[in-house]
**Student:** 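This structure is in structure tokens; I'll ask about it shortly.
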Amino acid sequence: MSARLADVSLRGTAAVCALLSAGAHLLIAPEHLKEVAYIGVLFTVGGGTLLFTALGLAWRNPVPAWLLGVVVSGGMLLGFALSRTVGLPGYQDEGWDPPYGILCMVAEVVFIGAFIAWGCLYRLVRRREDTYVDRFGHPPSASVHVR
């Protein structure tokens with residue numbers, strides 16, 4: 001698999017995961033706004049941020065989108081775990097909340113996994129570019145092209 005194809009595949013996978021998680025959070029946000037307002041606000045802000053992240057992954061420089069998505073996905077996972085164990089201020093839930101809880105957890109874990117794989121791919125490609133030489137032993141910037 002070429003590095004370009006791997007890059008596009010990882011970004012596409014992450015964008016789909018971000019859209020799934022955003023959709024689920026935005027769908028149940030109104031219900032949470034009625035129960036505990038700050039949880040509903042967090043769902044709305046997190047869902048909107050993940051929509052922006054999915055768009056950002058299509059840009060030429062996706063690094064800001066990756067970082068934003070990892071922070072939001074990690075925060076959502078942490079919030080889910082805390083709300084099921086020690087609880088959050090004014091809010092504690094039990095169970096996995098099928099299908100949304102499970103869907104979001106899987107999407108967020110896969111997003112973070114795709115980011116880690118993309119980071120490894122990026123480092124590998126950069127390392128190859130740094131060590132690349134043409135058939136005359138020149139690095140790309142010093143290559144002489146003869147016609």
Side-chain angles (χ1 to χ4, degrees), residues 1-134 138-143:
M1 177 183 291
S2 73
R4 176 74 180 137
L5 180 59
D7 175 58
V8 170
S9 298
L10 290 169
R11 286 206 247 175
T13 299
V16 168
C17 289
L19 290 172
L20 284 172
S21 185
H25 280 92
L26 292 173
L27 184 68
I28 60 177
E31 164 187 329
H32 283 83
L33 278 168
K34 292 176 187 171
E35 291 177 22
V36 182
Y38 83 93
I39 299 292
V41 169
L42 288 173
F43 275 34
T44 304
V45 170
T49 303
L50 286 176
L51 288 175
F52 182 73
T53 296
L55 290 173
L57 288 169
W59 292 338
R60 183 178 175 111
N61 178 12
V63 174
W66 277 116
L67 296 176
L68 185 62
V70 165
V71 168
V72 172
S73 293
M76 288 179 168
L77 282 170
L78 180 63
F80 187 85
L82 289 174
S83 69
R84 268 60 180 177
T85 54
V86 297
L88 297 171
Y91 183 77
Q92 182 160 8
D93 207 349
E94 294 178 10
W96 290 83
D97 285 336
Y100 302 114
I102 296 168
L103 171 72
C104 289
M105 284 188 57
V106 169
E108 290 151 7
V109 167
V110 170
F111 185 98
I112 293 169
F115 169 71
I116 293 168
W118 182 85
C120 292
L121 174 70
Y122 183 78
R123 287 187 60 181
L124 179 66
V125 168
R126 296 295 293 177
R127 189 174 304 138
R128 276 191 199 157
E129 288 175 355
D130 290 344
T131 60
Y132 173 77
V133 292
D134 66 11
H138 301 115
S141 61
S143 294

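Note that the structure is a prediction, hence the values are computed from the model and not measured.
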**Student:** Can you tell me if F80 has over 12 outside heavy atoms packed within less than 6.0 Å of its CZ?
**Tutor:** yes
**Student:** Determine whether Y122 and V63 make a side-chain contact, defined as any pair of heavy atoms from C-beta on separated by less than 4.5 Å.
**Tutor:** no
**Student:** Nearest heavy-atom pair of S21 and E108: which atoms, and what distance?
**Tutor:**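 Of all heavy-atom pairs spanning S21 and E108, the closest is OG-OE2, 2.7 Å.
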**Student:** If you look only at pairs with a residue in residues 41-56, which of them pass as a side chain to side chain donor-acceptor pair (under 3.5 Å), with sequence neighbours excluded?
**Tutor:** none
**Student:** Cut-off 3.5 Å, no hydrogens considered: what does the side-chain donor-acceptor table look like for residues 5-18, sequence neighbours left out?
**Tutor:**
| from | atom 1 | to | atom 2 | distance (Å) |
| --- | --- | --- | --- | --- |
| D7 | OD1 | R11 | NE | 3.4 |
| D7 | OD1 | W118 | NE1 | 2.6 |
| D7 | OD2 | R4 | NH1 | 3.3 |
| D7 | OD2 | R11 | NE | 3.3 |
| D7 | OD2 | R11 | NH2 | 3.0 |
| S9 | OG | L5 | O | 2.8 |
| R11 | NH1 | L57 | O | 2.8 |
| R11 | NH1 | W59 | O | 2.7 |
| T13 | OG1 | S9 | O | 2.8 |

**Student:** Just to verify, what does V41 make a side chain to side chain contact (heavy atoms under 4.5 Å, CB included) with, not counting sequence neighbours?
**Tutor:** L33, V45
**Student:** Could you walk me through whether L51 and L19 pass the side-chain contact (heavy atoms from CB on, under 4.5 Å) check?
**Tutor:** CA-CA 6 Å; L51 288 175; L19 290 172; 3.7 Å; yes
**Student:** With sequence neighbours left out, what residues match V109 under side chain to side chain contact (heavy atoms under 4.5 Å, CB included)?
**Tutor:**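 By the side chain to side chain contact (heavy atoms under 4.5 Å, CB included) rule, V109 matches L77.
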**Student:** Give the minimum heavy-atom separation between V36 and G90, together with the two atoms involved.
**Tutor:**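 Taking V36 first and G90 second, the nearest heavy atoms are CG2-O, 3.4 Å.
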**Student:** To the closest 0.5 Å, what do you measure between CD1 (I28) and SG (C104)?
**Tutor:**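 Separation between the atoms: 6.0 Å.
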**Student:** Test: side chain to side chain donor-acceptor pair (under 3.5 Å). Region: residues 60-87. Which pairs qualify, not counting sequence neighbours?
**Tutor:** R84-D93, R84-D97
**Student:** Write out all pairs satisfying ring pair (Phe, Tyr, Trp, His ring centres under 6.0 Å) with one or both partners inside residues 17-36, taking only residues at least two apart or from two chains.
**Tutor:** H25-F43, H32-F43, H32-Y91
**Student:** What's the shortest heavy-atom distance between L20 and A107, and which atoms?
**Tutor:** CB-CB, 4.3 Å
**Student:** With sequence neighbours excluded, give me every salt bridge (Lys or Arg N to Asp or Glu O under 4.0 Å) pair touching residues 20-35.
**Tutor:** none
**Student:** If we ignore hydrogens and angles and just use 3.5 Å, is the side chain of Y38 paired with the main-chain N or O of P89 as donor and acceptor?
**Tutor:**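 It does hold such a pair.
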